[in-house]
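Just follow the structure's listing: the first ligand is 1, and inside any ligand the first atom is 1. Throughout, residue positions are numbered sequentially from 1 according to the sequence presented.
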Amino acid sequence: MGVPILTIDGPSGAGKGTVSRLIAQKLGWHYLDSGAIYRALAIAITERAIPLDDIDAIVNAAEDMDLVFECDAKRHITLDGHDISHLLGLESTGNTASKIAAIPEIRAELLHKQQHYKQLPGLVADGRDMGTVIFPEAQYKVFLTASALTRAKRRYKQLKEKGIDANLSKITADIQERDQRDSEREFSPLIPAKDAVYIDSSDLSIEHVVEEVLSLVR
Ligand code: DC
């Protein structure tokens with residue numbers, strides 16, 4: 001029997017993580033947070049002081065890293081036995097992740113690690129190229145997006161709630177720069193799969209998006 005797969009691709013801040021986790025919980029399926037894999041690799045190379053142009057060393061770090069995802073509502077992850085959850089969401093981690101994600105050798109190394117998550121009773125896979133490259137065979141595909149300003153405002157609110165000083169125009173500019181890098185890279189760029197359902201969450205609640213996506217699967 002085939003493993004049912006739902007892919008949810010889109011830019012950072014569109015609500016993919018929250019929506020994907022909730023849907024995986026409701027369906028009782030596994031959840032792949034592929035962005036966290038790129039982020040964990042970014043943390044690993046920063047800790048080891050590996051420069052961004054040393055591709056062999058980054059590929060080796062990707063091969064060696066031992067990542068464990070805890071099953072809870074937030075991103076809670078250990079890398080080689082130590083908790084890196086507090087570093088995952090940092091802007092600097094996201095920026096380094098986006099840079100290493102443009103390197104084809106690194107994407108190739110991470111391909112099988114991600115495909116490993118395809119297991120019964122089903123998988124919700126969240127990322128940029130889940131429906132186009134990693135699981136092109138998926139039965140259900142969604143491209144979830146929102147305007148750059150909406151995503152920046154969500155991020156700003158999150159940071160403020162954590163008591164972190166934030167500047168909305170700087171966040172908007174960073175988001176636009178990251179979108180551009182992720183969308184224009186030569187390998188596995190952020191583009192909707194041809195057979196994906198396109199959802200713009202700018203004016204939708206999380207509950208609404210979850211219902212819309214669940215209606216595709218049911
Ligand atoms: O979803 P996220 O913000 O945690 O992802 C961090 C970076 O990782 C993002 O800027 C691009 C990269 N990424 C990717 O290239 N492919 C994926 N499937 C997931 C993330």
> Where do His30 and Gln119 come nearest, in terms of heavy atoms and distance?
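Taking every non-hydrogen atom into account, CD2-O, 3.3 Å.
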
> Please give me the minimum heavy-atom distance between Tyr156 and Ile171, naming the atom from each residue.
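Minimum heavy-atom contact is CA-CD1, 3.9 Å.
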
> Got the closest protein heavy atom to atom 6 (C) of ligand 1, with its distance?
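Here the nearest protein heavy atom works out to Arg39 NE, 3.7 Å.
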
> When you measure from atom 12 (C) of ligand 1 to every protein heavy atom, which one gives the shortest distance, and what is it?
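For atom 12 (C) of ligand 1, the nearest protein heavy atom is Ala101 CB, 3.7 Å.
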
> Give the atoms of ligand 1, by number and element, whose distance to some non-hydrogen atom of Ser34 is under 4.0 Å.
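Ligand 1 atoms under the 4.0 Å threshold to Ser34: 17 (C), 18 (N), 19 (C).
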
> To check your reading of the model: name the closest protein heavy atom to atom 7 (C) of ligand 1, its residue, and the distance in Å.
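So the nearest neighbour among protein heavy atoms is Ala97 CB, 3.8 Å.
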
> For atom 16 (N) of ligand 1, what's the nearest protein heavy atom and its distance?
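Atom 16 (N) of ligand 1 sits closest to the protein heavy atom Arg107 NH2, 3.0 Å.
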
> With heavy-atom distances below 4.0 Å as the criterion, list the atoms of ligand 1 near Lys16.
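Heavy-atom distances to Lys16 below 4.0 Å select 1 (O).
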
> Taking only Lys NZ, Arg NE, NH1 and NH2, and the carboxylate oxygens of Asp or Glu, determine whether Arg155 and Asp174 approach each other closer than 4.0 Å.
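Judged by the 4.0 Å cut-off on N to carboxylate O distance, Arg155 and Asp174 do not form a salt bridge.
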
> Would you mind listing which atoms of ligand 1 come within a distance below 4.0 Å of any non-hydrogen atom of Gly127?
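Near Gly127, meaning under 4.0 Å from one of its heavy atoms, ligand 1 has 18 (N).
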
> Quick one: do Lys170 and Glu91 make a salt bridge, cutoff under 4.0 Å?
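The answer is no: the pair does not qualify as a salt bridge.
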
> Please identify which atoms of ligand 1 are closer than 4.0 Å to at least one heavy atom of Arg178.
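Taking each heavy atom of Arg178 in turn, ligand 1 has 3 (O), 10 (O) under 4.0 Å.
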
> Taking only heavy atoms of Ser12 into account, list the atoms of ligand 1 that are under 4.0 Å away from them.
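Here the atoms of ligand 1 in question are 2 (P), 3 (O).
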
> May I ask whether Arg181 has any heavy atom positioned less than 4.0 angstrom from an atom of ligand 1?
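No heavy atom of Arg181 comes that close to ligand 1.
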
> With no hydrogens and no angle check, just 3.5 Å: does a side-chain donor-acceptor pair link Ser98 and Arg178?
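Judged by distance alone, the side chains do not pair up.
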
> Heavy atoms only: give me the nearest Tyr31-Asp126 pair and the separation to one decimal.
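So the minimum-distance heavy-atom pair works out to OH-OD2, 2.8 Å.
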
> Please determine whether residues Val124 and Ile199 belong to a single hydrophobic cluster, defined as Ile, Leu, Val, Met, Phe, Trp and Tyr linked transitively by side-chain heavy-atom distances below 4.5 Å.
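Cluster IDs for Val124 and Ile199 match.
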
> Just jot down the ligand 1 atoms closer than 4.0 angstrom to any heavy atom of Met130, in number order.
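Within the 4.0 Å cut-off of Met130, ligand 1 contributes 18 (N).
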
> Please answer: with hydrophobic residues joined when any side-chain heavy atoms are less than 4.5 Å apart, are Leu41 and Phe187 in the same cluster?
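No, it is not one cluster - the side chains of Leu41 and Phe187 are not joined through contacts under 4.5 Å.
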
> Between ligand 1 and Asp129, is the shortest N or O to N or O distance under 3.5 Å?
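Among all N and O atoms of Asp129, at least one is under 3.5 Å from an N or O of ligand 1.
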
> Numbering the atoms of ligand 1 from 1, which are under 4.0 Å from a heavy atom of Asp182?
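In order of number, 9 (C), 10 (O), 11 (C).
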
> May I ask whether Tyr198 and Leu214 are part of the same hydrophobic cluster, defined by side-chain heavy atoms of I, L, V, M, F, W, Y residues being less than 4.5 angstrom apart, directly or through others?
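Tyr198 and Leu214: separate clusters.
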
> For Gln114 and ligand 1, does the shortest N/O to N/O distance drop below 3.5 Å?
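In this structure, Gln114 places no N or O atom under 3.5 Å from an N or O of ligand 1.
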
> Checking side-chain contact (heavy atoms from CB on, under 4.5 Å) for the pair Ile134/Thr7: CA distance, chi angles, key distance, verdict?
CA-CA 9 Å; Ile134 309 293; Thr7 59; over 6 Å; no

> To check you understand the geometry: which heavy-atom pair defines the closest contact between Arg151 and Ala146, and what is its length?
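It is NE-O, 2.9 Å.
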
> Return the residue, atom name and 0.1 Å-rounded distance of the protein heavy atom closest to atom 8 (O) of ligand 1.
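Closest protein heavy atom to atom 8 (O) of ligand 1: Tyr38 CB, 3.5 Å.
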
> Identify the protein heavy atom lying closest to atom 9 (C) of ligand 1, giving its residue, its atom name and the separation to 0.1 Å.
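In this structure, atom 9 (C) of ligand 1 has Arg128 NH2, 3.3 Å as its nearest protein heavy atom.
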
> Applying a 4.0 Å heavy-atom criterion (strictly less than), which segment of Lys99 is in contact with ligand 1: side chain, backbone, both, or neither?
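Within the 4.0 Å criterion, Lys99 makes no contact with ligand 1.
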
